[in-house]
Amino acid sequence: MLAKDCKKKIILTGDRPTGKLHLGHYVGSLQRRVALQNSGEYDEIYILIADDQALTDNWDNPQKIRDNMIEVALDYLSVGIDPARCHICVQSNIPALHALTFYYMNLVTTQRLSRNPTVKAEMAMRGFSNSESNDNQAGLPAGFFTYPVSQAADITAFKATTVPVGEDQEPMIEQTREIVRKFNSTYKNDILVEPEILLPELQSQRRLPGTDGKAKMSKSLGNCIYLSDDEKTVKQKVMGMYTDPLHVNVSDPGHVEGNMVFTYLDAFCRTEHFERFLPEYENLDALKDHYRAGGLGDVKCKKFLIKVLEDMLAPIRAERAKWAADLPAVYRILKEGTEAAVQTTNRTLAEVTAAMKVNYFADETIIDEWDRWIRQ
Ligand code: TRP
């Protein structure tokens, strides 16, 4: 067998703890993580709570990140991330990640970083400007600008082969792959591993719009359904969803494209939900056909969507309540996950510092080397 074939399969993925996780996170990535965890195909799985990355645009509000650390941890555990099979770890407490970030900074140019489309979009949203002359806008924090380098450190420190994330993370994985190639060629080694991205399987899972129909479910737009929302809140949010503004009377023909109720049904409903909750329709296509033809009201569709979502959210909520009642256990999970991550990443850092010849104190052979050098 080739050495390459025996390579371990390692997953690294993560989230910024800036808020509770929502349905967009669930369809876009959490669900997949649980499936990958349960597949038994991976040798190691690390899930990183990226608090340092969150600080790059929340440096003035560390309490927000500290509070959301526990929310995100509870969200993970409640959807079925199993701490016996995944290490849940905290970025700020894994020192090797900082060291690697600093070394990787030498391997990227600011021009290359400026081309990252995800960072560009985030800069626009936050009013960060990179121009020297624009004084209406906030300057661009160097930490924020360079977070893709820190993300490359996250991924490579674990030697991740697979990074399951949403499509907005594609530029980060590409940047990581470039850094890996540059590192390995510059320091003549094959220490770092080029990761593969694993995108959600279905288009409907890739970018869930907000309940208001805006492009993305996002906390700042106030259009999210959170995994931790109670039943009443979920009902209210679904009842207030953006549908088809031209579908005024039940008898009017309706549009399913751009109609959030159908967009969410595309993402969440399965044929068995019809048998259980809406047996007069065989499947989603039949429901859509009726809506398009006219004669099907929004309320009926919304009530069905509520049942579909509740079917998924009720067990998640129950699981969350169990963990929330035992925070010391959650604390231990994070602590142990982080300790495992520290060990793994320190091993990578040791290889990197050796390749970069800055591992002076790894052993004393350097004394002989210096001796030869000064006598030559
Ligand atoms: N950038 C990711 C996000 O905004 C979070 C993240 C940080 C991450 N480090 C990572 C994702 C490493 C995957 C791998 O959601």
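For reference, positions follow the sequence shown, starting with 1. Predicted model, so just to flag it, every value in this text is computed and none were measured. Counting starts at 1 for both ligands and their atoms, following the listed order.
Remark: Glu174 does not engage Arg115 in a salt bridge, criterion side-chain N to carboxylate O under 4.0 Å. Using a 4.0 Å cut-off between charged side-chain N and carboxylate O, Lys237 and Asp229 make a salt bridge. Under the 4.0 Å criterion applied to side-chain N and carboxylate O atoms, Lys288 and Glu257 are not assigned as salt-bridge partners.
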Contact table, ligand 1 N/O with protein N/O, distance under 3.5 Å:
unit_1: ligand 1; atom_1: 1 (N); unit_2: Gln53; atom_2: OE1; d: 2.8
unit_1: ligand 1; atom_1: 1 (N); unit_2: Gln151; atom_2: OE1; d: 2.9
unit_1: ligand 1; atom_1: 1 (N); unit_2: Gln169; atom_2: OE1; d: 3.0
unit_1: ligand 1; atom_1: 4 (O); unit_2: Arg16; atom_2: NE; d: 3.2
unit_1: ligand 1; atom_1: 9 (N); unit_2: Asp154; atom_2: OD2; d: 2.8

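The aromatic rings of Tyr26 and Phe268 lie parallel to each other, with less than 30° between the two planes, well short of the 60° mark. Relative orientation of the Phe158 and Tyr46 rings is tilted, given thresholds of 30° and 60° on the angle between their planes.
When the ring-ring contact (aromatic ring centres under 6.0 Å, His included) test is applied to Tyr281, the partners found at least two apart in sequence or on another chain are His290.
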